[in-house]
Amino acid sequence: MARHGLAHAYGHVSTRIDDRSFLVTPAMPLGCVEPDEPGVIVRLEGDLPPGALPEVRIHREIYRNRREIGGICRVQPPAIMALSALRETPRALHGLGTYFAPAPPLWEGVALVRDDAQAVAVAEKMGKAAAIVLSGNGAVVAGETIEEAAALTYFLEDAARLELAILPARAAGIEPRQYSPQQVSARAIKAGALIERMWQFLCYGDPEWQQQN
C-alpha cells in the first residue's frame, strides 16, 4: 500500500483470522512495518485491545456484518481524496472500475471515524459494496481475501485517476461512456488469475515477497 502511493503515514490493513477475530497492522506507517513486526489481534466482541488504532472499529464492524470478507484496506489514495472533495466517487468508466459499479458509496462525514456508533454507520452505509469512500479521508476497501482487498484498492484508485483525467472534457459538456449493467457483469470477473497477478505486482520487491519466493 505504501510503496504504490495508496497510503502514507496513516492507514491500516487487516485480515480475518476466524469468526471471532482478525489481525491488523500495528499503529505505525505501513511503509515502516518490518516483516517480523507483530500485528494486533482484535476480537469481534469486546473493547479494542492496546495497540489498536481507534479507526480499526470500521474493520471490526465490516467483519461482524459480512462473513464473506477476509481482508480490509484502510487507505488514503490521492485521486480518491481529490474526487471525494468534489463529493463524487469513481464510476464504471473502464475495466477496473466495474468492480465498484455503479459507484462506491460516499460517507459525507469529514471527521475521522473513531467511535463505535460512527463505525456502525459507516459499515451500514457501505452495505455489500466492495468499497466506501470517506469524504476527505480516503477509503475503506474489503475483499474475500487480503489479496483481493489489496487488488481492489489499486483498482479503486485507478478508477478515480480516470475520473480526474476526464474532468476537462466534462467541463466542456462531453460526458464519458459508462459501462452498462450487462457490460459490468461481463467485465468484473476474477478468472485468469486476475487478483493473483495484481497481488504479485503490488508485492514484488517487498521483503516478505522475497522471503516467500
Side-chain angles (χ1 to χ4, degrees), residues 1-81 96 99 112-116 119 122-123 126 130-132 134 137-158 190 193-213:
M1 295 296 101
R3 190 154 51 80
H4 291 278
L6 300 171
H8 38 66
Y10 316 114
H12 25 93
V13 174
S14 69
T15 184
R16 185 190 289 274
I17 297 174
D18 51 35
D19 289 342
R20 296 169 293 179
S21 60
F22 62 94
L23 177 70
V24 67
T25 48
M28 60 191 302
L30 291 177
C32 298
V33 179
E34 298 292 339
D36 58 352
E37 189 79 40
V40 180
I41 295 177
V42 180
R43 298 187 65 83
L44 298 188
E45 303 301 331
D47 297 331
L48 290 181
L53 292 164
E55 275 201 320
V56 170
R57 289 177 169 86
I58 302 174
H59 298 241
R60 185 172 62 183
E61 291 305 320
I62 294 172
Y63 286 126
R64 281 174 173 172
N65 296 327
R66 300 175 62 180
R67 295 176 62 87
E68 79 279 8
I69 296 302
I72 297 172
C73 297
R74 168 71 177 97
V75 291
Q76 301 83 17
I80 279 292
M81 298 276 275
L96 299 186
Y99 295 85
L112 293 172
V113 179
R114 291 183 165 177
D115 62 61
D116 290 340
V122 168
M126 183 178 184
I132 183 168
L134 308 178
N137 286 314
V140 179
V141 186
E144 293 183 5
T145 63
I146 187 61
E147 293 87 351
E148 182 174 299
L152 290 172
T153 300
Y154 187 91
F155 294 176
L156 183 68
E157 176 68 351
D158 201 64
K190 301 176 186 177
L194 188 140
I195 298 299
E196 292 83 355
R197 285 184 288 148
M198 178 54 69
W199 175 255
Q200 181 180 9
F201 167 75
L202 292 172
C203 293
Y204 188 79
D206 288 346
E208 298 92 334
W209 180 266
Q210 294 172 342
Q211 289 176 5
Q212 295 173 8
N213 295 274

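All heavy atoms count here, side chains included; hydrogens, waters and symmetry mates do not. In this chain, residues are counted from 1 in sequence order.
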(message) If you count every heavy atom of other residues, nucleotides or ligands that lies below 6.0 Å from Leu112 atom CG, does the total exceed 12?
(response) yes
(message) Quick one about Ser14 and His59 (side-chain donor to acceptor, distance below 3.5 Å, no hydrogens or angles considered), yes or no?
(response) yes
(request) Flag the pair Arg43 and Glu45 as a salt bridge only when some basic side-chain nitrogen lies within less than 4.0 angstrom of an acidic carboxylate oxygen. (result) no
(request) Search all heavy atoms of Glu55 against all heavy atoms of Val113 and return the closest pair with its distance. (result) CG-O, 3.0 Å
(message) Salt bridge or not between Arg57 and Asp115? Use side-chain N to carboxylate O under 4.0 Å.
(response) no
(request) Nearest 0.5 Å please: distance from the CG atom of Leu53 over to the CG atom of Leu48. (result) 9.5 Å
(message) To the nearest 0.5 Å, what is the distance between CD on Glu196 and CE on Met198?
(response) 12.0 Å
(request) Drop me the distance from Leu202's CG to Leu6's CG, to the nearest 0.5 angstrom. (result) 7.0 Å
(message) How long is the straight-line distance from CD of Glu68 back to OH of Tyr63, given to the nearest 0.5 Å?
(response) 11.5 Å
(request) Count the heavy atoms of every other residue, nucleotide or ligand shown that sit under 6.0 Å from CG of Asp47, and state whether that count exceeds 12. (result) no
(request) Only one of Val141, Asp158, Val140, Val13 passes side chain to side chain contact (heavy atoms under 4.5 Å, CB included) with Thr153; say which it is. (result) Val141
(request) Quickly, which of Thr15, Thr145, Ile62 forms a side chain to side chain contact (heavy atoms under 4.5 Å, CB included) with Ile69? Name it, please. (result) Ile62
(message) Does any part of the side chain of Val42, heavy atoms only, come nearer than 4.5 Å to the side chain of Ser21, both counted from C-beta?
(response) no
(message) Please report the interatomic distance CG(Leu156) to CD1(Ile132), rounded to the nearest 0.5 Å.
(response) 11.5 Å
(message) Parallel, tilted or perpendicular: which one describes the rings of Tyr154 and His4, with boundaries at 30° and 60°?
(response) perpendicular
(message) Is the shortest side-chain heavy-atom distance between Arg60 and Asp116 below 4.5 Å?
(response) yes
(message) Taking the side chain as everything from C-beta on, heavy atoms only, tell me whether Leu194 gets closer than 4.5 Å to Glu148.
(response) no
(message) I'd like to check Pro78 versus Glu157 (side-chain heavy atoms, cut-off strictly below 4.5 Å). Are they in contact?
(response) yes
(message) For Tyr10 and His8, take the angle between the two ring planes, folded into 0 to 90°, and tell me which bin it lands in: parallel under 30, tilted 30 to 60, perpendicular over 60.
(response) perpendicular
(message) Between Glu144 and Lys190, does any NZ, NE, NH1 or NH2 come within less than 4.0 Å of an OD or OE carboxylate oxygen?
(response) yes
(message) Is the shortest side-chain heavy-atom distance between Glu37 and Met28 below 4.5 Å?
(response) yes
(request) Nearest 0.5 Å please: distance from the CZ atom of Arg16 over to the CZ atom of Arg67. (result) 7.0 Å
(message) Quick one, Met1 and Val75 - any side-chain contact, counting heavy atoms below 4.5 Å?
(response) yes
(request) List the atom of Pro77, the atom of Gly138, and the distance in Å for their closest heavy-atom pair. (result) CD-CA, 4.4 Å
